[in-house]
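I have placed the structure first, in the form of structure tokens, so that the comments after it can refer back to it.
The figures here come from the full heavy-atom set of this structure, side chains too, leaving out hydrogens, waters and symmetry mates.
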Amino acid sequence: MTTLKLHNTKTRKREVFTPIDPNNVRMYVCGPTVYDRAHLGNARPVIVFDVLYRLLRHVYGADHVTYVRNFTDIDDKINARSAQSGRPIGQITDETTQWFLDDMAAVGALEPDHMPRATQYVPQMIAMIEDLIAKGHAYAAEGHVLFAVDSYKAYGALSGRSVDDMIAGARVEVAPYKRNPMDFVLWKPSDADTPGWDSPWGRGRPGWHIECSAMAFDLLGPHFDIHGGGNDLMFPHHENEIAQSCCAHPASGFADVWLHNEMLQVEGKKMSKSLGNFFTVRDLLDQGVPGEVIRFVMLSTHYRKPMDWTQSKREEAEKTLRKWYALAITQDAGAPDDVLIGLLADDLNTAGAITHLHKLAGAGDAAGLRAGLRMLGMMGDLMPEWAAQAAFDLTDYEAFLSDARVTAMETKDFSHVDRIKAMLTHAGVQVKMSKDGVILTPTADFDADKLEVL
RNA sequence: GGCGAGUUGGCGGAGUGGUUACGCAGCGGAUUGCAAAUCCGUGUACAGGAGUUCGAUUCUCCUACUCGCCUCCA
């Protein structure tokens, strides 16, 4: 069996992965808060953990992996969006959830086995909060319930911070009802205009962190294998999840392995609305960037390194995929080879895997290339339309150019041929002329309108 | 200030205690009416300093720089 190694944030080491139960390898990844389109950065963890999901299924069997990714549909950002737009919350979250699923499918992500929504797990959250209060790890105050960080000695272990350091950092919300400034909210009261559920502490809504703890517990149990997410979630979200779950289920240990992907940048800078380089996955798709190109670019950088989205990477990825698909389509996929699996098993070396695909392509191994592409979640059973050679019927132009060329061969006057060629090139058509004839291929820049001058 | 990640050739990006990936671009050649495409060949790198070692880009320490988090942002 393949030995899987993963970099565990908890220990800051690359460790051999040993599943708790090889017949049911369990993974939880923090999903989106559904209030708007997913931006490109949101796609990174989805794609990274999708590769891990595929790898786990490959190693342990498709029926022996349980992957959970939640939808956070209770959140003050959603409430704010509703108040501002006047639209009902349910409408916003339903719509946004579907957008997310559509966009992630477009970048080749498989759907997880379970996609729980926070709104469906409020009773479990309340039960967990009650349990934490009963065990002395939480307290109710002024309609809130707060987690007492002093009650959990290991608080801060994941992110390497001590409570004292964090208080020294001083940017914590101080509230009169908090015993310790670092205590965080498990439950908070809702006014009449805010969504709320009845609870022992009055009508209110859960805090963000308890949502994930409760859903993970309900679907995966108190002790499971892998918990993933972006490294910006490490603190406070994941730290708080650990505190809640470990205190509610002291003997369990929660997740064995913590995986965090690095952030995404755009042309060397953090993506932000103020810099004007903010865009969504849908924006790219609408611009005609194929989902597989997005996926390819994402996978070309190791998940624990900052990944820079640039125009040149996008173009290079598209060029490479076109070339590979043309070769891979000629044969059915075999099984992915051991070298490729070995690379992925080594802490998800997707960049190394792509290099390996370059080698397979260079060797003309169509079946191997196709299997490798499939393993990485690219190229299904059919040639993707965007990469197909004949996206536009150029046969008339081929005949036209070919005739002109035959004439030119006799007259030795190639000026007419050169003019036609220049126009075709200008329209984004690749012109290949050889002894065998003329072949026209549309490129990424193909623009049919520019052909009309002919 | 605290915590963490990173710094590899023109660009992107792996990896390794000794033999200098890979892709793109470049250069040379084959081919071509000219090109393109293709094929063949080819140059350039491990932030700086100290240490460990027979030997370090790879291990340890220090410095510099970059980035992220410390505010319910993946």
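- Separation of the Trp187(A) and His144(A) ring centroids does not fall under the 6.0 Å cut-off.
- Comparing G68(B), C70(B), A5(B) by their nearest atom to the side chain of Met263(A) picks out G68(B).
- Nearest-nucleotide mapping onto RNA chain B: of His356(A) and Met433(A), the residue sitting toward the 5' end is His356(A).
- A distance below 6.0 Å separates the ring centres of His39(A) and Phe278(A).
- Taking atom P in both A37(B) and G26(B), the straight-line distance is 9 Å, to the nearest Å.
- Phe296(A) has its CZ atom 11 Å from the C1' atom of G12(B), to the nearest Å.
- Which of C22(B), A74(B), A5(B) sits closest to the side chain of Asn261(A) comes down to A74(B).
- For the P atoms, the distance linking U20(B) with U42(B) amounts to 13 Å, nearest Å.
- Residue side chain Thr355(A) reaches the base of A21(B) through a donor-acceptor N/O pair under 3.5 Å, judged by distance alone.
- Centroid-to-centroid, the aromatic rings of Phe224(A) and Phe254(A) come within less than 6.0 Å.
- For the pair Lys432(A) NZ and C39(B) P, the computed distance is 11 Å after rounding to whole Å.
- Rounded to a whole angstrom, the distance from the P atom of G29(B) to that of U58(B) is 39 Å.
- Checking Asp308(A) against Thr310(A) by side-chain atom types alone, no donor-acceptor pair falls below 3.5 Å.
- In this entry the distance linking NE2 of His302(A) with C1' of A5(B) reads 11 Å, nearest Å.
- In this structure, C73(B) makes no Watson-Crick or G-U wobble pair, since no nucleotide meets both defining distances under 3.5 angstrom.
- G10(B): Watson-Crick or G-U partner is C24(B), with both key distances under 3.5 Å.
- Nucleotide C67(B) is matched to G4(B) when pairs are restricted to Watson-Crick or G-U wobble geometry with both distances under 3.5 angstrom.
- Side-chain nitrogen and oxygen atoms of Asn349(A) include at least one within less than 4.0 Å of the OP1 or OP2 phosphate oxygen of G15(B).
- Listed pair Lys305(A) / U7(B) meets the phosphate criterion, a side-chain N or O lying under 4.0 Å from OP1 or OP2.
- Checked against C22(B), C24(B), G6(B), the side chain of Lys323(A) finds its nearest nucleotide in C24(B).
- Closest to the Lys421(A) side chain, of the nucleotides C22(B), A35(B), A74(B), is A35(B).
- Tyr139(A) carries Arg179(A) over the face of its six-membered ring, with the cationic atom under 6.0 Å from the centre and within 45° of the normal.
- Using cut-offs of 30° and 60° for the angle between ring planes, the Tyr28(A) and His227(A) rings count as tilted.
- The partner of G15(B), taking Watson-Crick or G-U wobble pairs whose two distances both stay under 3.5 Å, does not exist in any strand shown.
- Among the protein residues, Gly41(A) comes within range of the nucleic acid bases, having at least one heavy atom under 4.0 Å from a base atom.
- In this model, the phosphate group of A25(B) is approached by a side-chain N or O of Lys319(A) to a distance below 4.0 Å at OP1 or OP2.
- Ranked by how close their nearest RNA chain B nucleotide is to the 5' end, Tyr303(A) and Phe414(A) are led by Tyr303(A).
- Of the C1' atoms belonging to C61(B) and C72(B), the separation is 39 Å, rounded to the nearest Å.
- Look at CH2 on Trp208(A): it is 13 Å from P on U71(B), rounded to the nearest Å.
- Taking the C1' atom of each, C54(B) and U66(B) are spaced 36 Å apart, rounded to whole Å.
- One interatomic measurement links the two molecules: CG of Asn240(A) to P of C70(B), which rounds to 12 Å at whole-angstrom precision.
- Closest to the Arg12(A) side chain, of the nucleotides G4(B), C67(B), G33(B), is G4(B).
- Across all strands shown, G49(B) is found opposite C61(B) as a Watson-Crick or G-U wobble partner, with both distances under 3.5 Å.
- The nearest whole Å value for the distance from the CH2 atom in Trp309(A) to the P atom in G12(B) is 16 Å.
- Straight-line distance between the P atoms of G4(B) and C40(B): roughly 48 Å, to the nearest whole Å.
- A straight line from NE2 of His260(A) to C1' of G6(B) spans 17 Å, rounded to a whole angstrom.
- As the counterpart of C39(B), G29(B) is assigned, both hydrogen-bonding distances of the Watson-Crick or G-U wobble pattern falling under 3.5 Å.
- Distance noted for atom C1' between C70(B) and U57(B): 33 Å (whole Å).
- Annotation: His209(A) is not in aromatic contact with His238(A) [ring centroid separation under 6.0 Å not met].
- If you check C73(B), C72(B), G23(B) against the side chain of Glu316(A), the one that comes closest is G23(B).
- Listed nucleotides: C22(B), C24(B), G13(B). Nearest to the side chain of Ala351(A): G13(B).
- G6(B) sits 22 Å from G23(B) when the C1' atoms are compared, rounded to a whole Å.
- Taking 4.0 angstrom as the limit, Lys188(A) places none of its side-chain polar atoms (N or O) nearer than this to OP1 or OP2 of C72(B).
- Val417(A) comes within contact range of at least one nucleobase, with a heavy-atom separation under 4.0 Å.
- Atom-to-atom, CG of Leu264(A) to C1' of A5(B) comes out at 16 Å; the value is rounded to the nearest Å.
- Applying the 4.0 Å criterion to OP1 and OP2 of G13(B), one finds that Thr301(A) has a side-chain N or O inside that range.
- Across all strands shown, A56(B) has no partner, as no Watson-Crick or G-U wobble contact with both distances under 3.5 Å is found.
- Taking the six-membered ring for Trp and the full ring otherwise, the centers of Phe71(A) and Phe100(A) sit less than 6.0 Å from each other.
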